[in-house]
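Let me begin by presenting the structure, written as structure tokens, before commenting on it.
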Amino acid sequence: MAPPVKVNEPSVVEGGVPDAVVADPAPIEPGSIDLADFVGESMLLLGAGSTVLLQLAERGVGHGVADHSTTLQRPLDRLRTTMTYVYAVTLGTPEERKQIVRLVNKVHVPVRSETYNAFDPELQLWVAATLYRNGVEMYQRMFHKLSDVDIEWIYRQSAVYGTALQVKEDMWPATRAEFDAYWDEMIATVEVDEKIRAFTRGLLSGGDSPLPVRMLMPLQRFMTIGLLPQRIRAEFSLPWSPRDQRRFDLFWKVVPPVYRKVPRRIRQLSSTFYLRDMRRRMAGNKHLI
């Protein structure tokens, strides 16, 4: 496994793009959970749908994806590219991170209109925020409540989701209290329009996924809706009943103890698979992003 991303070691990729997490003005104590271990867990994929919908709830992100993404036509390929980015910037080598950032920036060039721009650091900040917030929630649901030291360590490292692209280091909230205030304001104010709702309906139906994936969509859809804040569910017009909530609560009582007994190397097969695929494609100069 490649060395984890470290705080206090900022570097710059080609074109002046930061390739590390926000520089820490004051040393912090490393946690017992590192971002490299945290991100490698396959259970995070259960929260992928809710993370995406939270991102789409921001109108600039939602319209950019609805207008330019091929997710509905090529859902597995889009999942691959998304996970490749996440794993590359958190688990990859410095050179792999640079290459992925260059490719992502190239793909983002045409994603713009009068109302959105894929290079807008505010939009990228929100995407990074959802990756951090939902990752922490999923980990704590599946394993245990993280200590304050652990959360702080993960929080500092998670800035890389944004700072690897155009998010300036000082845009990542300096404290978790500031982050929470930013998060609460976004959840309270984002508005989802019919264009984004229509795209989301296609997304939650599985798009043009192969049959095995469509068979898993009911579970993924259930997890996606259940993990969303109630206000965001309402914005997307997604149904959620008291019976759904009881089933959701039961899932999180039954599944985590079973998941924790699975050997770590098996739990991390998703990150192993996507990293190997990324390196194979890089070596063969094949389509990557």
Side-chain angles (χ1 to χ4, degrees), residues 21-22 44 46-69 71 82 85-86 108 111-141 151-152 154-156 158-204 220-241 244-245 248:
V21 296
V22 57
L44 292 179
L46 280 175
S50 61
T51 302
V52 169
L53 261 61
L54 283 167
Q55 294 169 5
L56 296 179
E58 206 295 331
R59 187 166 299 185
V61 177
H63 283 190
V65 171
D67 288 343
H68 294 273
S69 176
T71 299
T82 298
Y85 172 76
V86 169
H108 280 172
V111 185
R112 63 182 66 204
S113 77
E114 293 182 357
T115 57
Y116 59 82
N117 183 337
F119 288 95
D120 185 340
E122 293 290 347
L123 301 186
Q124 293 180 352
L125 174 62
W126 175 240
V127 170
T130 65
L131 291 170
Y132 156 71
R133 180 70 176 239
N134 270 19
V136 168
E137 178 180 354
M138 290 299 296
Y139 189 93
Q140 293 190 123
R141 282 182 177 275
I151 296 179
E152 184 67 23
I154 295 299
Y155 175 69
R156 300 296 184 94
S158 294
V160 72
Y161 294 130
T163 59
L165 296 172
Q166 281 76 43
V167 176
K168 303 298 183 183
E169 293 180 354
D170 59 3
M171 290 180 65
W172 188 250
T175 66
R176 293 196 341 262
E178 292 177 21
F179 177 90
D180 289 344
Y182 163 73
W183 180 267
D184 291 343
E185 180 180 4
M186 291 294 291
I187 295 299
T189 59
V190 292
E191 296 181 354
V192 178
D193 61 20
E194 186 52 37
K195 180 177 186 176
I196 299 172
R197 291 191 192 99
F199 180 85
T200 299
R201 286 193 292 270
L203 190 65
L204 292 179
Q220 185 63 59
R221 184 165 52 247
F222 180 71
M223 283 292 111
T224 295
I225 299 173
L227 289 166
L228 289 174
Q230 177 55 38
R231 182 180 181 275
I232 303 302
R233 284 187 207 132
E235 283 294 313
F236 279 101
S237 300
L238 296 171
W240 191 254
S241 67
D244 290 329
Q245 188 63 51
F248 183 79

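Heads up: numbering here begins at 1 and tracks the sequence.
- No option in Leu204, Thr200, Thr51, Val52 other than Leu204 meets the side-chain contact (heavy atoms from CB on, under 4.5 Å) test with Thr224.
- Of the inter-residue distances, the one linking Met223 atom CE with Leu228 atom CG reads 11.5 Å to the nearest 0.5 angstrom.
- The number of heavy atoms from other shown groups lying within 6.0 Å of CD (Glu185) does not exceed 12.
- Side-chain atoms of Asn134 and Ser50 include a donor-acceptor pair closer than 3.5 Å.
- One finds the CE atom of Met171 at 4.0 Å from the CD atom of Glu122 (value rounded to the nearest 0.5 Å).
- The minimum heavy-atom distance between Ala48 and Gln220, with the atom names listed, is N-NE2, 4.5 Å.
- At a threshold of 4.5 Å between non-hydrogen side-chain atoms, the residues Leu54 and Met186 do not count as touching.
- Nearest heavy-atom pair, Ala128 versus Gly162, reported as atom, atom and distance to 0.1 Å: CB-N, 3.5 Å.
- The closest donor-acceptor contact from the side chain of Trp172 to the backbone of Val160 lies at 3.5 Å or more, if one exists at all.
- Ring pair Phe248/Trp240 is perpendicular by interplanar angle, where above 60° counts as perpendicular and below 30° as parallel.
- With rounding to the nearest 0.5 angstrom, the CZ atom of Arg233 is 8.5 Å from the CG atom of Leu227.
- A heavy-atom distance below 4.5 Å is found between the side chains of Leu125 and Tyr182.
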*Start with the C-alpha distance between Ile151 and Gln140, add both sets of side-chain angles, then the distance that settles side chain to side chain contact (heavy atoms under 4.5 Å, CB included), and finish with yes or no.*
CA-CA 10 Å; Ile151 296 179; Gln140 293 190 123; 3.9 Å; yes
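- A side-chain donor-acceptor contact under 3.5 Å links Arg231 to the backbone of Ile187.
- The backbone N or O of Tyr132 lies less than 3.5 Å from no partner atom in the side chain of Tyr155, so there is not a single donor-acceptor pair.
- The OG atom of Ser237 sits 4.5 Å away from the CZ atom of Arg197 when rounded to the nearest 0.5 Å.
- Annotation for Gly135 and Leu44: closest pair O-CD2, 3.7 Å, computed over non-hydrogen atoms.
- For the pair Asp180 (side chain) and Ala177 (backbone), a donor-acceptor distance under 3.5 Å is absent.
- Across Phe179 and Pro173, no two heavy atoms sit closer than the pair N-CB, 3.5 Å.
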*asked:* Between Glu235 and Ile196, does the side chain to side chain contact (heavy atoms under 4.5 Å, CB included) criterion hold? Intermediate values first, please.
replied: CA-CA 10 Å; Glu235 283 294 313; Ile196 299 172; over 6 Å; no
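- Considering OH of Tyr116 and CD of Glu58, their distance stands at 12.5 Å, rounded to 0.5 Å.
- One distance of note links CD of Gln124 with NE2 of His108; it measures 7.0 Å at 0.5 Å rounding.
- The residues Glu137 and Arg141 are annotated as salt-bridged, a charged nitrogen and a carboxylate oxygen being separated by less than 4.0 angstrom.
- Val167 has its side chain out of reach of Trp126: every pair of non-hydrogen atoms, C-beta onward, lies at least 4.5 Å apart.
- Residues satisfying the side chain to side chain donor-acceptor pair (under 3.5 Å) test with Thr82, not counting sequence neighbours, are none.
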*Could you go step by step and tell me if Arg59 and Val190 meet the side chain to side chain contact (heavy atoms under 4.5 Å, CB included) rule?*
CA-CA 7 Å; Arg59 187 166 299 185; Val190 292; over 6 Å; no
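- Closest heavy-atom contact between Met138 and Gly47: CE-N, 3.7 Å.
- Nearest heavy-atom pair, Thr163 versus Glu169, reported as atom, atom and distance to 0.1 Å: CG2-CA, 4.2 Å.
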_side chain to side chain contact (heavy atoms under 4.5 Å, CB included) between Leu56 and Phe236, intermediate numbers included_ = CA-CA 10 Å; Leu56 296 179; Phe236 279 101; 4.3 Å; yes
